[in-house]
Visitor: 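I'd like to ask you about the structure that follows.
To find a chain, count down the sequence lines: A is the first, B the second, and so on, and within it residues start at 1.
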Amino acid sequence: MSDLKRGLSEAVAAAFAAAGLPAELGRVTPSDRPDLADFQCNGALPAAKVAKRDPREIAAEVVANLTGDPRLASVEAAGLGFINMRVSDQALSARAAEIAADPRLGAQAVETARKVMIDYGGPNVAKPMHVGHLRSSIIGESLKRIYRFRGDTVLGDAHFGDWGYQMGLLIGAVTDEDASIAALVEQLNAKGEVSDADEAAAFALFDAKVSLADLDRLYPLAAARGKTEPDYRDRARKLTAELQARRAGYFLLWRHFAKVTKVALERDFHALGVDFDLWKGESDVDELIKPMVEDLEAKGLLVEDQGARIVHVAGPNETKKKKLPDGSVVVVPSPDPLLVVSSEGSAMYGTTDLATILDRKQSFGPDHVLYAVDQRQADHFEIVFRAAYLAGYAEKGSLEHVGFGTMNGTDGKPFKTREGGVLKLNDMIVMTRDKARERLHEAGLGAELDPDTFEDTAHKVAVAALKFADLQNFRGTSYVFDLDRFSSFEGKTGPYLLYQAVRVKSVLRKAQAEGAEPGPIVVAEPAERDLVLLLDAYDQALIDAYDKKAPNFIAEHAYKLAQAFSKFYAACPILSAEPAVKASRLALAQTTLRQLEQALDLLGIAATDRM
RNA sequence: GCGCCCAUAGCUCAACCGGAUAGAGCAUCCGCCUUCUAAGCGGACGGUUGCAGGUUCGAGUCCUGCUGGGCGCGCCA
């Protein structure tokens with residue numbers, strides 16, 4: 001079973017072949033001119049070039065070969081050589097019946113399933129998530145669902161940043177601030193072996209004294225000092241190396257950091273409906289690093305440079321000019337080398353990334369790994385991927401950075417609140433949910449729904465608003481974060497989509513109450529034709545989203561489908577129609593609902609029953 | 001200095017290998033609730049696709065240059 005576009009493409013390809021022209025020119029697309037056609041083929045235009053003939057003549061010949069196709073109500077050559085096709089009502093009705101009978105609602109699975117890992121490039125330990133973190137989690141979540149739905153085996157890994165320099169900074173800052181913690185940490189460090197009782201006592205003290213809010217407050221200060229004060233920085237680096245060497249006191253304190261962060265992250269991710277299959281972090285590959293470094297050394301890839309150890313990843317002719325601090329310009333390899341071991345002996349960002357690639361190869365063996373991470377890290381991933389290919393840790397081309405743009409404020413710079421701080425993701429969710437509650441009361445649903453359902457509905461509306469506002473943008477480009485737009489419920493928004501689903505459900509409930517059943521679909525009205533054409537376009541939207549790793553194709557389809565339904569709803573009465581028409585429209589409405597809910601699910605958006 | 005990305009309606013964004021009249025939403029204005037949920041529907045207004053060249057029968061899309069903006073460039077992640 002295939003969509004109309006594909007079916008027609010085969011027919012048009014055959015018609016081209018019959019005319020002695022390359023069959024691949026028979027590619028059919030939805031028409032740019034809905035007033036003239038449902039589908040079109042532009043193949044006669046390039047054909048004219050190779051065949052040195054008039055495109056209109058070619059189009060006419062292809063049209064002649066197509067005439068009589070039962071699916072087509074009309075087929076004609078138009079304009080400069082376009083082939084316009086209008087699908088018959090019977091063919092649309094038949095296609096609608098196919099989609100209605102299909103658990104996948106007309107969307108096909110991939111031919112060969114792969115094992116895919118999605119790396120969410122997770123947030124860092126000790127920092128609350130702000131609105132900028134929305135993107136990687138919801139894009140990653142949506143891609144995971146899309147890939148899984150297409151038939152791949154997919155694992156999503158949060159991949160937290162929990163093992164680097166920022167941990168050394170925090171250990172320093174926390175012990176500086178509180179003498180009792182500093183004393184306990186020193187004591188544990190000296191002791192080396194830590195008993196269960198020691199551990200419990202330590203966590204009791206840490207729990208009492210160090211919250212996420214403290215870490216959030218201390219980190220920016222420590223980071224700033226690290227930049228300006230070399231001594232402070234060097235101590236943080238040493239602390240990082242000591243943590244990575246698992247000095248008992250530092251390690252316990254670090255485990256506390258990770259714990260308080262995880263509680264907040266779980267709350268935020270859960271609220272967004274984002275689930276990770278793996279809650280791994282950089283620290284999880286720590287034990288792989290030493291053997292990996294030895295392996296890189298054995299393979300002759302690791303070289304000493306300015307006290308650090310690096311892997312060169314540039315090819316022989318890949319160079320760039322670089323300006324040195326003294327103003328002179330030198331030619332250096334490009335891309336930059338991968339820094340594997342710092343001069344303090346600690347693992348770097350790229351080191352843990354490389355070890356993670358190795359870890360995944362051993363544990364899961366993915367055919368493909370997608371990194372849903374900020375576009376700004378493109379160079380970094382290029383370097384890590386090259387190193388992984390050189391070392392044989394991944395098959396060339398199997399690692400892919402699915403970059404996305406940053407979320408900027410209306411001034412074009414990374415988003416800040418009016419007060420100059422970052423807007424925390426949780427605050428954003430709470431704010432939008434409050435607005436959804438207000439709106440539900442206005443609509444008179446406050447009293448009708450029981451409190452739990454009411455709360456659940458408000459939450460779903462809020463999440464739909466936030467996610468759809470982001471996912472409707474192509475992931476690659478930066479966009480402006482506008483609070484009003486993200487918490488808007490009218491127009492091209494998540495709540496609009498939920499609302500259309502709610503209207504269908506309401507009609508279906510009433511139909512059921514009066515004993516009316518969906519029946520055979522018979523397409524007749526223009527609004528019905530348009531709706532079925534949209535239902536038919538689902539497969540292509542899914543293919544585009546999959547191939548381009550871009551959920552906005554699904555978002556666009558869901559919106560257009562909801563819009564087509566809304567027009568159908570306004571133009572075609574359902575319950576008051578005569579029995580056969582009523583049964584047909586009920587079936588159309590039900591099929592639309594199922595596809596809409598499925599598309600929303602692929603975006604990670606949950607539907608509601610009433611709103 | 002070198003490199004990557006971006007520039008489309010007043011605003012925020014789309015646009016399927018280069019194809020007909022570049023589409024949505026918001027905002028503004030005008031209509032539509034005694035019939036299935038008005039978080040809706042219909043209509044109007046709104047464009048020299050940053051600028052200048054080039055390739056092509058045809059360019060928002062490809063190439064070159066320029067302007068403007070964002071980002072990155074080994075011991076943060």
Side-chain angles (χ1 to χ4, degrees), chain A residues 24 27 29-33 35-36 40 42 45-46 48-49 55 78-82 84 121 124 161 163-166 169 223 226-227 237 282 305-308 310 320-324 327 329 332 334-339 341-344 346 348-350 352-353 374-380 383 403 405-406 408 410 412-414 439-440 442-445 461 469 472-474 476-480 482 484-485 488-493 495-496 498-500 502-508 510-511 540-541 544 552-553 556 559-560 563 566-567 569-571 573-576 589 610-611:
Chain A
E24 58 267 24
R27 199 174 61 100
T29 60
S31 180
D32 294 331
R33 296 284 305 271
D35 54 321
L36 299 177
Q40 68 184 70
N42 299 338
L45 297 162
K49 195 173 236 169
L80 299 166
F82 303 103
N84 284 339
N124 293 327
W163 205 233
Y165 170 70
Q166 90 261 25
L169 278 172
K227 273 182 193 157
R237 282 188 190 153
E282 296 169 333
D305 194 289
Q306 297 169 43
I310 63 173
K320 64 175 177 185
K321 286 180 196 163
K322 184 168 179 168
K323 197 174 180 182
L324 297 177
V329 174
V332 297
S334 174
D336 287 332
L338 179 73
L339 184 55
V341 184
S342 81
S343 46
E344 290 294 339
S346 50
M348 308 299 296
Y349 179 35
T352 50
D353 273 348
D374 197 317
Q375 192 66 50
R376 288 179 290 193
Q377 297 189 40
D379 290 350
H380 166 75
I383 293 166
T406 51
N408 297 329
T410 38
K413 292 176 181 159
R439 193 71 188 77
L440 284 169
E442 271 173 35
L445 288 165
V461 168
Q472 66 171 300
N473 300 312
F474 177 69
T477 47
S478 298
Y479 70 93
V480 174
D482 178 13
D484 292 338
R485 180 170 164 243
S488 162
F489 300 160
E490 274 100 42
K492 192 173 184 177
T493 64
Y496 174 90
L498 298 192
Y499 180 67
Q500 301 311 333
V502 160
R503 296 215 288 189
V504 183
K505 288 179 183 178
S506 179
V507 171
L508 294 177
K510 289 194 170 157
Q540 187 61 47
D544 286 341
N552 67 303
F553 286 95
E556 185 69 17
Y559 175 68
K560 281 190 184 157
Q563 207 177 31
S566 196
K567 288 175 191 207
Y569 183 85
I574 299 168
L575 297 176
S576 60
R610 292 168 210 266
M611 63 185 279

Visitor: Please say whether more than 12 non-hydrogen atoms of neighbouring residues, nucleotides or ligands are located less than 6.0 Å from NZ in A:K560.
Guide: no

Visitor: Going by purine N1 to pyrimidine N3 plus the second Watson-Crick contact, or the G-U wobble pair, all under 3.5 Å, which nucleotide sits opposite B:C71?
Guide: B:G3

Visitor: Which part of the nucleic acid does A:Y569 contact within heavy-atom distance under 4.0 Å: base, sugar-phosphate only, or nothing?
Guide: base

Visitor: Contact class for A:N84 (heavy atom, under 4.0 Å): base, sugar-phosphate, or nothing?
Guide: base

Visitor: In whole Å, what separates the C1' atom of B:C57 from that of B:G47?
Guide: 25 Å

Visitor: Give a yes/no answer on whether the side chain of A:K567 brings an N or O atom under 4.0 Å of OP1 or OP2 in B:G42.
Guide: yes

Visitor: For the residue pair A:Y349 and A:Q377, establish whether any side-chain heavy-atom pair is separated by less than 4.5 Å.
Guide: yes

Visitor: Is A:K492 near enough to B:U12 that one of its side-chain N or O atoms lies under 4.0 angstrom from OP1 or OP2?
Guide: no

Visitor: Ignoring hydrogens and angles, are the base of B:G19 and the side chain of A:D32 linked by a donor-acceptor pair under 3.5 Å?
Guide: no

Visitor: Is the phosphate of B:C41 approached by A:Y499 (side-chain N or O, under 4.0 Å from OP1 or OP2)?
Guide: no

Visitor: If B:G46 has a Watson-Crick or G-U wobble mate with both distances under 3.5 Å, name it; if not, just say none.
Guide: none

Visitor: Looking for any heavy atom pair under 4.0 Å, which part of the strands does A:L508 touch: base, sugar-phosphate only, or nothing?
Guide: nothing

Visitor: If you take atom types as modelled and just measure distance, does the side chain of A:S343 reach the base of B:C75 with a donor-acceptor pair under 3.5 Å?
Guide: yes

Visitor: Which part of the nucleic acid, if any, lies within contact of A:L169, taking any heavy atom under 4.0 Å across all strands shown: a base, the sugar-phosphate backbone alone, or nothing?
Guide: nothing

Visitor: Which part of the nucleic acid, if any, lies within reach of A:E344 when heavy atoms closer than 4.0 Å are counted: base, sugar-phosphate only, or nothing?
Guide: nothing

Visitor: If we require ring centres under 5.5 Å and near-parallel planes under 30°, does A:F82 stack on B:A20?
Guide: yes

Visitor: Answer with base, sugar-phosphate or nothing: what part of the nucleic acid does A:D374 contact at a heavy-atom distance below 4.0 Å?
Guide: nothing

Visitor: Rounding to the closest angstrom, what is the interatomic distance between B:C5 and B:C63 at atom P?
Guide: 10 Å

Visitor: Contact class for A:Q166 vs. all strands (heavy atom < 4.0 Å): base, sugar-phosphate, or nothing?
Guide: sugar-phosphate

Visitor: Assign A:Y165 to base, sugar-phosphate, or nothing according to its heavy-atom contacts below 4.0 angstrom with the strands shown.
Guide: sugar-phosphate

Visitor: From the set B:C41, B:C36, B:C57, return the single nucleotide nearest to any side-chain atom of A:S566.
Guide: B:C41

Visitor: Do A:D353 and A:H380 have side chains that approach each other closer than 4.5 Å (heavy atoms only, starting at C-beta)?
Guide: yes

Visitor: Under the rule syn = chi within 90° of 0, otherwise anti, which is B:C33?
Guide: syn

Visitor: Does a side-chain heavy-atom distance below 4.5 Å link A:K492 with A:E556?
Guide: yes

Visitor: Which nucleotide in the set B:A39, B:G74, B:A20 lies at the smallest distance from any side-chain heavy atom of A:E490?
Guide: B:A39

Visitor: Using both distances under 3.5 Å as the test, list the Watson-Crick or G-U wobble partner of B:C51, or none.
Guide: B:G65

Visitor: Using the P atom as the point on both nucleotides, what is the distance between B:G50 and B:A9, in whole Å?
Guide: 8 Å

Visitor: Look at all strands and tell whether A:Q306 reaches a base, only sugar-phosphate, or nothing, counting heavy atoms closer than 4.0 Å.
Guide: base

Visitor: Distance between the C1' atoms of B:A14 and B:G60, in whole angstroms?
Guide: 12 Å

Visitor: Any idea how A:Y559 and A:Y496 line up, ring-wise: parallel (<30°), tilted (30 to 60°), or perpendicular (>60°)?
Guide: tilted

Visitor: Which nucleotide wins on minimum distance to the side chain of A:N473, given the candidates B:C76, B:A14, B:U37?
Guide: B:A14

Visitor: Quantified in whole Å, what is the P atom distance between nucleotide B:A24 and nucleotide B:A20?
Guide: 15 Å

Visitor: Rounded to whole angstrom, note down the C1' distance from B:U35 over to B:C30.
Guide: 25 Å

Visitor: Tell me, do A:L80 and A:P55 make a side-chain contact under 4.5 Å, heavy atoms counted?
Guide: no

Visitor: When you measure from the side-chain N and O atoms of A:Y349 to the phosphate of B:A77, is any distance below 4.0 Å, counting only OP1 and OP2?
Guide: no

Visitor: Mind checking who B:C26 pairs with, Watson-Crick or G-U wobble, both distances under 3.5 Å?
Guide: B:G10

Visitor: For B:C76, what is the paired nucleotide under Watson-Crick or G-U wobble rules, both distances under 3.5 Å?
Guide: none

Visitor: Considering every strand and a 4.0 Å limit on heavy-atom distances, what is the contact class for A:D484: base, sugar-phosphate, or nothing?
Guide: nothing

Visitor: Base, sugar-phosphate alone, or nothing: which one does A:A308 contact when heavy atoms must sit under 4.0 Å apart?
Guide: base

Visitor: Distance only, no hydrogens: is a donor on one side chain within 3.5 Å (strictly under) of an acceptor on the other, for A:R237 and A:S343?
Guide: no

Visitor: Tell which nucleotide pairs with B:C41, taking only Watson-Crick or G-U wobble pairs whose two distances are both under 3.5 angstrom.
Guide: B:G31

Visitor: Output the single nucleotide from B:A14, B:A20, B:G25 whose closest atom is nearest the side chain of A:N552.
Guide: B:A14

Visitor: Considering only atom P, compute the distance from B:A27 to B:C41 and round it to an integer number of Å.
Guide: 13 Å

Visitor: Touch check for A:R503, heavy atoms < 4.0 angstrom, all strands: base, sugar-phosphate only, or nothing?
Guide: sugar-phosphate

Visitor: Rounded to whole angstrom, note down the C1' distance from B:G3 over to B:A22.
Guide: 32 Å

Visitor: Check whether the side chain of A:R27 and the base of B:C17 form a donor-acceptor pair under 3.5 Å.
Guide: yes

Visitor: Would you mind calling B:C32 syn or anti? Take O4'-C1'-N9-C4 for purines or O4'-C1'-N1-C2 for pyrimidines, and syn is within 90° of 0.
Guide: anti

Visitor: What contact category does A:D544 fall into here, base, sugar-phosphate, or nothing, at under 4.0 angstrom with non-hydrogen atoms?
Guide: nothing

Visitor: Any base atoms under 4.0 Å from A:P55, or only sugar-phosphate, or nothing? Heavy atoms, all strands.
Guide: nothing

